Structure formats: structure tokens, C-alpha cells
Amino acid sequence: MRGKWICTEQKVQTPLFVKKFNLHNAKTVKIDISGLGYFVLLVNGKRVSTPFVPAQTDYMKRDTSIFAYPIFDTFTHKIFYLSYDITKYIHEGENEINVIVGNGWFRQPYRIAEGYTSYSDLVCTAFDINISDELGHRTVSSDGSELAFVYPILESNLFTGETVDTRMFLKELPRAETMLFDGTLLGELVLQECPFDRVIRTIKPKHIGGGMFDLGENISGRVYIKGKGESGNIIKVVHAEEIKDDDLFLVTTGADYTGSNGQLQIQADTYILNGETVELYPEFVFHGFRYFKIEGEIEIEELRAEVIHTDLPQTASFTCDNEIINWTYDAFIRGYLDNMHGCVPSDCPHRERLGYTGDGQLVSMSGMLTFDSKLAYKKWIEDIFECQCKVSGHVQHSAPFMGGGGGPGGWGSAIVFVPYNYYNVYGDSEMLKIAYPKMLEWLKYMQAHCENGLLVREEEGGWCLGEWLAPPKTEIDQHFVNTCCMVKSILIMADIADKLGLDDGEMLRTTAKTHKKALYDNYYKNGSYLDGLQGADALALWAELLGDGIEESLIKHYEERNTFDTGFIGTGILCNMLFSIGRGDLAIKLIGSDDTEIGFNAMRLNNATTIYEHLCVDEASHNHPAFAGCLHTLYTGLMGIKLSGGKAVIMPCIDSGLREFSGSVKLESGKVAVSLKGNVLTIYTETPTQVIIKGESFVTQEGTNTYYI
């Protein structure tokens with residue numbers, strides 16, 4: 001873009017920029033525009049943009065030494081711009097565009113749980129208006145001559161909400177000084193191709209007493225109020241996941257965090273009324289909540305909740321005769337979407353809201369198979385690449401990088417696992433070509449942090465988690481978990497090298513053997529790793545470790561249990577391994593366990609509508625999708641859709657213990673649907689596909705194929 005970055009004084013929380021230009025017999029008018037953190041574009045008073053654009057990226061270089069723990073890595077940076085055809089909004093003569101700029105992730109000074117992660121103390125915008133008329137082509141760009149005003153959003157913070165003084169709409173807005181923003185540290189401008197966040201649907205709240213309302217489900221989004229009250233009346237809308245003692249229970253939404261302003265992190269929007277009918281909703285903030293409370297005097301004419309997330313249409317389905325599994329699948333759908341904003345899969349939509357590489361990689365296969373998410377994951381993989389240190393190869397715990405804890409295996413190895421999943425689902429070998437050199441750099445980093453063949457540390461003074469959130473607490477050795485993740489990464493890289501026609505495969509497999517031996521020497525005993533503690537034998541099978549009797553030990557351990565004892569890394573791996581060794585029935589038993597204390601049923605019985613952060617019912621976040629990462633095995637294990645390079649072989653699990661199941665997935669090659677009812681197996685494919693049933697191989701015809709088993 002030619003346009004210069006413009007801003008106002010730091011004290012202006014939400015600036016409005018105005019650009020006027022004249023047109024005569026214009027044929028087409030387009031605008032290329034960006035705004036940091038978020039922007040709203042209006043042309044001649046009509047809104048053009050969707051909410052929360054551009055998508056979040058690692059925008060620019062900043063001082064990361066003041067994060068919660070020391071970070072001295074060197075990143076790459078980029079910024080998205082958007083291109084709009086605004087021809088239908090313009091008219092002959094003078095035209096006007098308005099750009100309202102909100103803080104978004106770019107200026108977030110209050111939340112300091114991860115340290116001071118803000119990029120700048122200013123917000124800014126830049127644009128080019130590209131005009132084609134009878135005289136040819138010309139461009140009107142932002143240049144500092146724009147008028148600037150103080151918009152009535154007086155406070156805007158993703159974590160705590162917005163404050164809007166609607167009285168300001170009834171008079172001329174205060175002027176602000178237009179200045180040029182120093183863009184020398186900003187990243188490269190790139191056209192946003194990934195999907196946008198949108199208002200996907202609306203919900204009519206149920207009044208449950210006083211000013212409190214229940215949506216009936218946990219969502220990400222905002223409350224919309226249309227109403228009227230006396231000028232000066234203050235209306236406050238407070239959001240929460242749970243109700244306790246007939247009031248909002250705020251701990252789960254981050255109220256145990258105190259910001260740099262000394263205030264608790266409570267999701268609340270505040271509006272000052274102007275005596276006329278007004279529409280009230282936050283412009284640059286979304287919340288994670290089920291319940292909300294309206295405080296203050298207002299005569300409400302219209303009230304609704306708007307569900308907002310990245311627009312990812314659901315392309316898969318699943319149902320079966322186990323109500324617990326059906327609930328879990330539905331809760332996954334809802335919670336996964338609640339946690340997708342700006343094409344960043346977050347850990348939760350309220351407390352941290354970060355694109356944790358651990359949570360995101362664990363649920364990536366489920367997300368790719370369930371939603372039209374190819375462009376979203378392409379974008380997030382690029383976020384991971386950009387948060388890799390260009391000197392050491394270290395991969396951060398969140399992408400785009402906003403701090404947060406984690407570990408080298410389950411978090412940083414996302415740079416291997418997510419591109420590999422992407423290749424297997426979408427068959428995109430170009431992604432592997434781009435990712436492979438970065439994987440090698442990550443491997444060098446992990447090797448440099450090993451002792452005696454075990455991955456034992458990450459950054460000095462930082463985090464080094466292994467497993468996380470195993471019930472009732474994580475006990476499995478972190479070095480074992482991290483080294484297993486490293487070994488699996490190396491084996492995947494060897495496979496990638498073979499696929500790309502490179503000579504690294506044998507070297508990588510030899511490297512893996514060294515670490516396998518270290519794991520065997522330190523953790524294997526009497527036919528088991530760590531006595532099968534919290535899925536240790538499943539991790540061992542996954543990483544192809546040495547030792548006899550591991551399968552038997554794994555089966556015995558979980559036949560004696562009625563639910564999971566694994567953390568968020570091991571849960572999906574456990575289900576995968578059980579299906580791979582022919583015990584899909586045991587995986588289904590665990591997912592559909594009727595245990596009332598631990599697992600998905602415990603959440604269901606607690607009136608949940610999304611997956612919890614913990615497998616135990618507690619007061620932590622109730623909208624964390626990571627544990628639902630195991631649900632991709634409903635497609636890959638139960639339905640038996642085995643994917644490699646975008647191509648499928650179907651090997652249904654016909655002895656899962658379920659009497660009936662039915663599901664479908666939209667692959668690159670077309671739709672695949674598998675259902676079992678009694679002894680009738682039905683497989684639908686849009687292209688001829690190999691099917692293996694009880695060791696016998698068939699090739700489906702296009703359309704519906706029926707087998708009796």
C-alpha cells in the first residue's frame with residue numbers, strides 16, 4: 001500500500017478518521033485498508049467491514065524482555081490488510097470514508113498475567129482508495145491530512161470490555177490531532193485470505209430473575225440491547241460462565257487476575273445513556289459467557305445475544321446410540337467455534353484467549369476434519385512459523401506470540417504436528433516443503449536441550465511442562481512426555497523427508513533410536529513404561545518405543561478403569577493407540593464413560609454445554625476445547641477414515657460396542673459417510689475408495705455401498 005500509517009494522541013482510546021474525496025463518473029472504486037488492532041470501515045455512513053478485522057498476527061517488533069518470563073527470541077512479523085470493492089457505496093461528487101480504530105490485540109495495556117504484551121501505546125490505520133474513472137486510474141491514500149475525532153468508545157479492552165458514552169453521538173465529536181505513526185517496526189503487509197469473524201447467529205436470552213439472563217449455552221460473542229433511559233443513566237452488562245449463590249460467578253472468566261490498572265479482569269461493558277433510543281453493544285470486544293446481568297435503569301425494546309467467531313462452516317457430522325458421546329461431540333462443536341477468532345484456535349474465549357500451540361495442535365485434526373478450515377489453519381501454521389526464533393529455532397507457547405506457559409514437546413512440536421496433519425487432511429505437499437526446514441531448526445533446538453538422550457529443559461527461567469491437567473493432578477514425568485513428543489516429531493520428519501525425496505530419513509530415524517533407547521533405559525520396567533501411569537504406555541506405543549508387553553499393559557490398565565486418567569496431551573494419543581491396536585471398544589468406553597466425577601459425562605451432568613479445561617468438574621474455565629482433541633478418532637478410528645496425503649482408506653471399527661453410529665466427513669476427494677446399524681454397514685463415497693473390512697479389501701462404487709458383517 002502507498003498509504004501512510006496515521007494515528008492520534010495516546011490519550012484517545014478510539015479514534016475516528018475521516019477522509020473526503022471527489023468522484024466524477026467513477027466506474028469502480030476499491031479500497032485496500034488495515035487498522036491496528038481492529039478497524040471499522042464506513043463509506044458514506046454505510047458499514048462495509050465485518051467485526052474484528054484484520055485477523056490477529058504478530059504485528060511488529062516489540063520489547064519482549066518485559067514479558068512475565070524472559071523472551072529474547074527473534075521473530076518475523078506481518079500485518080493483514082483487506083480489500084473491498086466499495087463501488088456500490090459511492091456517489092457522484094464528494095464522498096466520505098470513516099475509519100474507526102479499536103485497540104484489539106495491538107494495544108492491550110491492562111492484562112499483565114503474561115507480562116506487558118502490548119505492541120504499542122497507539123492505534124493506527126492506513127489505506128489506499130483506488131479509483132477507476134473516465135480519466136483512468138488514480139489513488140487517494142492516507143497521508144496525515146485526514147480529520148480525526150474522539151469516538152464515543154472511551155475504553156476498549158478485549159479482556160475487560162468497553163465503555164461507551166452515547167451522549168457524544170448527539171453532538172459534534174471532539175477533534176483530535178492526526179499524526180503519522182512510525183511504521184518502521186511494523187511487519188510486512190499481506191492481503192488477508194483467511195475467513196473473517198462474523199455474527200454467526202443470535203440467541204434470545206431467558207430472564208431468570210432480577211437483571212440476570214441465561215443463554216442456555218456457553219458462547220463467544222456479545223449482548224445487544226436496544227432501549228431508552230434517562231440521559232446520564234449508567235448501564236452495565238456483566239458476563240460469566242456460571243451462576244453461584246444467585247449471582248454471577250466470575251472466577252471462571254478471569255476475575256482472579258488483576259490488571260495493571262488495579263482492577264479485576266471482569267468481562268463487563270458499560271454504557272452511558274443519552275435519553276434517546278440507542279443500540280448498545282461492544283464494537284471491538286467479544287466475551288466468553290453463558291449468563292449475563294444488566295445493571296442500571298433502561299427500558300429495553302430489544303435484547304439478544306450475538307454469537308461471534310471465525311466463519312467456519314461445519315462440514316462433518318456424527319451421531320451414535322451413546323448419549324454421552326453425542327453430548328461430547330456437540331459440546332466440542334460449540335466450544336471449538338467459541339475459541340476460533342481471527343483464525344487463531346485459542347485455549348479459552350475469556351481468560352487468556354491465546355493461541356496456545358499446545359491446545360491448538362491437540363485439537364487441530366478434529367478441527368480440520370469437522371470444519372471448512374483449510375485457510376484458517378494455513379494462517380495459523382504461518383503464525384507458528386512466525387513465532388519461531390530465527391536464531392535458535394525455539395517455538396513459542398502461543399501463536400501469534402502473546403506469552404503464556406507450556407513446554408517443548410506438547411507445545412513447540414506444533415510446528416511438526418500441525419503441518420503434518422494439514423498435509424494428511426488436505427494433501428498439500430507445498431506446506432511440507434515450507435515447513436520442513438523449520439522443523440529441522442526446531443529439532444536442533446530440542447537436541448540442544450537434551451541430557452543423556454532426554455529432553456529436559458526449555459528456556460532458562462521459563463516453563464518446561466510435560467503433560468498438563470491430568471486428573472486429579474499431573475504426576476507423569478515431564479522428561480518422559482517431552483522426549484516422547486520429540487521422538488514422534490523426529491519420526492514424522494523422517495516420513496516427510498521420504499515424501500519430499502530428501503536423504504534425511506535414515507539420519508532422522510537413527511537420531512530417534514538414540515532417544516528411544518534413553519527412554520527405554522530410564523522408564524521401561526516389567527513390560528510397561530512408568531507402570532502405565534496416566535497414559536505412559538500409550539505414549540510409548542505412539543512414539544514406537546522399545547519393549548515387550550506394552551500393549552498388554554495398556555489394555556489391562558484401562559480395562560480396569562471406567563474413565564480417563566490422562567492429561568490433555570495423552571487423552572487423544574490414548575484413544576488413537578487403542579484404535580490402532582484393535583481395541584476401539586476401549587476407546588469408545590472411555591470417551592462415553594458414565595463416570596460422574598471425571599470425564600465428559602461429569603461435565604454433562606454439571607449442565608455444561610462446552611468442554612471444560614479440566615476433566616474433573618471444578619471452578620476453572622468451562623470452555624477449553626483441548627480435551628476434545630480425542631474426538632477425531634470418531635472419524636479416523638470408529639468410522640475408520642485413514643488419511644495420508646489427502647487420500648483415504650476406510651477401515652471401520654465394527655466391534656466398538658456401539659449398536660449404531662453414523663457420520664460423514666467432507667474430504668478433498670469428496671464426501672465420505674459411514675454408518676453401522678446392527679450388522680449392516682453402509683459406506684457412501686463420491687469417488688472410488690478402498691475399504692478394508694475384517695482384512696478383506698474392496699473398492700467402493702461412487703454413491704452408497706452396503707456390506708453385511
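Only a predicted model underlies this, so the values are computations on that prediction, with no experimental measurement involved. One is the number of the first residue; the rest follow in order along the sequence.
In this structure, the separation between CZ on Arg62 and NE2 on His77 is 8.0 Å, given to the nearest 0.5 Å. One finds the CD1 atom of Ile153 at 12.0 Å from the OG1 atom of Thr166 (value rounded to the nearest 0.5 Å).
Gln108 places a side-chain N or O within 3.5 Å of a backbone atom of Gly104 that can act as its donor or acceptor partner. Without hydrogens or angle criteria, Asp338 side chain to Ser220 main chain gives a donor-acceptor distance under 3.5 Å. In this structure, Ser366 contributes its side chain and Ser364 its backbone to no donor-acceptor pair below 3.5 Å. A donor-acceptor pair under 3.5 Å links the side-chain atoms of Thr310 to the main chain of Met340, judged by distance alone. The main-chain N or O of Ser34 is found under 3.5 Å from a side-chain atom of Thr125 such that the two form a donor-acceptor pair. His91 places a side-chain N or O within donor-acceptor distance of the main-chain N or O of Glu94, the cut-off being under 3.5 Å. With Arg353 contributing its side chain and His350 its backbone, the two residues share a donor-acceptor pair below 3.5 Å. Between the side chain of His137 and the main chain of Ser132, no donor-acceptor pair closer than 3.5 Å is present. In this structure, Ser398 contributes its side chain and Tyr356 its backbone to no donor-acceptor pair below 3.5 Å. Formation of a donor-acceptor pair under 3.5 Å by the Thr610 side chain with backbone atoms of His622 is found in this model.
Residues Gln388 and Gln396 fail the side-chain proximity criterion, which asks for heavy atoms closer than 4.5 Å. The shortest side-chain heavy-atom distance between Tyr329 and Thr370 falls under the 4.5 Å cut-off.
Scored by the salt bridge (Lys or Arg N to Asp or Glu O under 4.0 Å) test, Lys19 finds Asp143, Glu146 as partners (sequence neighbours excluded). Annotation: side chain to side chain donor-acceptor pair (under 3.5 Å) contacts of Thr315 (sequence neighbours excluded): none. Take Glu92 and apply the salt bridge (Lys or Arg N to Asp or Glu O under 4.0 Å) test, not counting sequence neighbours, and it matches no residue. Every residue two or more places apart in sequence or in another chain was checked for a side chain to side chain donor-acceptor pair (under 3.5 Å) with Glu299, and none qualifies. Annotation: salt bridge (Lys or Arg N to Asp or Glu O under 4.0 Å) contacts of Lys30 (sequence neighbours excluded): none. Scored by the ring pair (Phe, Tyr, Trp, His ring centres under 6.0 Å) test, Phe75 finds Phe401 as partners (sequence neighbours excluded). Residues forming a side chain to side chain contact (heavy atoms under 4.5 Å, CB included) with Asp165 (at least two apart in sequence, or on another chain): Leu154, Arg167, Met168, Ile272. With sequence neighbours excluded, the residues forming a salt bridge (Lys or Arg N to Asp or Glu O under 4.0 Å) with Glu613 are Arg351, listed by chain and number. Remark: Arg47 pairs with Glu283 by the side chain to side chain donor-acceptor pair (under 3.5 Å) rule, at least two apart or across chains. Here Glu96 pairs with Asn98 under the side chain to side chain donor-acceptor pair (under 3.5 Å) rule; sequence neighbours left out.
With 3.5 Å as the limit, one finds no donor-acceptor pair spanning the side chains of Thr139 and Asp128. Between the side chains of Tyr119 and Asp58, at least one donor N or O lies within less than 3.5 Å of an accepting N or O. For the residue pair His309 and Asn339, no side-chain donor N or O sits within less than 3.5 Å of a side-chain acceptor on the partner. Between Asn44 and Asn95, the side chains place a donor N or O and an acceptor N or O closer than 3.5 Å (distance only, hydrogens not considered). In summary, the side chains of Ser664 and Ser317 do present a donor paired with an acceptor at a separation below 3.5 Å, with no hydrogens or angles considered. No hydrogens or angles considered: nothing links the side chains of Glu241 and Asn623 as a donor-acceptor pair under 3.5 Å. Between the side chains of Glu306 and Tyr281, not a single donor N or O lies within less than 3.5 Å of an accepting N or O.
With a 6.0 Å cutoff to the six-membered ring centre and a 45° limit on the axis angle, Arg222 does not count as a cation-pi contact of Phe286.
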Leu41 vs Ile31, side-chain contact (heavy atoms from CB on, under 4.5 Å): CA-CA, chis, key distance, verdict: CA-CA 10 Å; Leu41 171 65; Ile31 185 170; 3.8 Å; yes
Tyr257 vs Phe159, ring-ring contact (aromatic ring centres under 6.0 Å, His included): CA-CA, chis, key distance, verdict: CA-CA 10 Å; Tyr257 289 101; Phe159 295 97; 8.9 Å; no
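Crowding of Glu9 atom CD: a count of heavy atoms from other residues, nucleotides or ligands under 6.0 Å exceeding 12. Around atom NZ of Lys374, more than 12 heavy atoms belonging to other residues, nucleotides or ligands sit under 6.0 Å away.
Between Phe106 and Tyr59, the ring centre distance stays below 6.0 Å.
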Show me the side-chain donor-acceptor pairs of residues 181-191 shorter than 3.5 Å, one per line, residues at least two apart or across chains.
from, atom 1, to, atom 2, distance (Å)
Asp182, OD1, Thr184, N, 3.1
Asp182, OD1, Thr184, OG1, 2.9

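Sorted by first and then second residue, the pairs that involve residues 10-42 and meet ring-ring contact (aromatic ring centres under 6.0 Å, His included), not counting sequence neighbours, are Tyr38-Phe52.
If you run side-chain contact (heavy atoms from CB on, under 4.5 Å) between Leu280 and each of Ile300, Ile294, Ile298, only Ile298 comes through.
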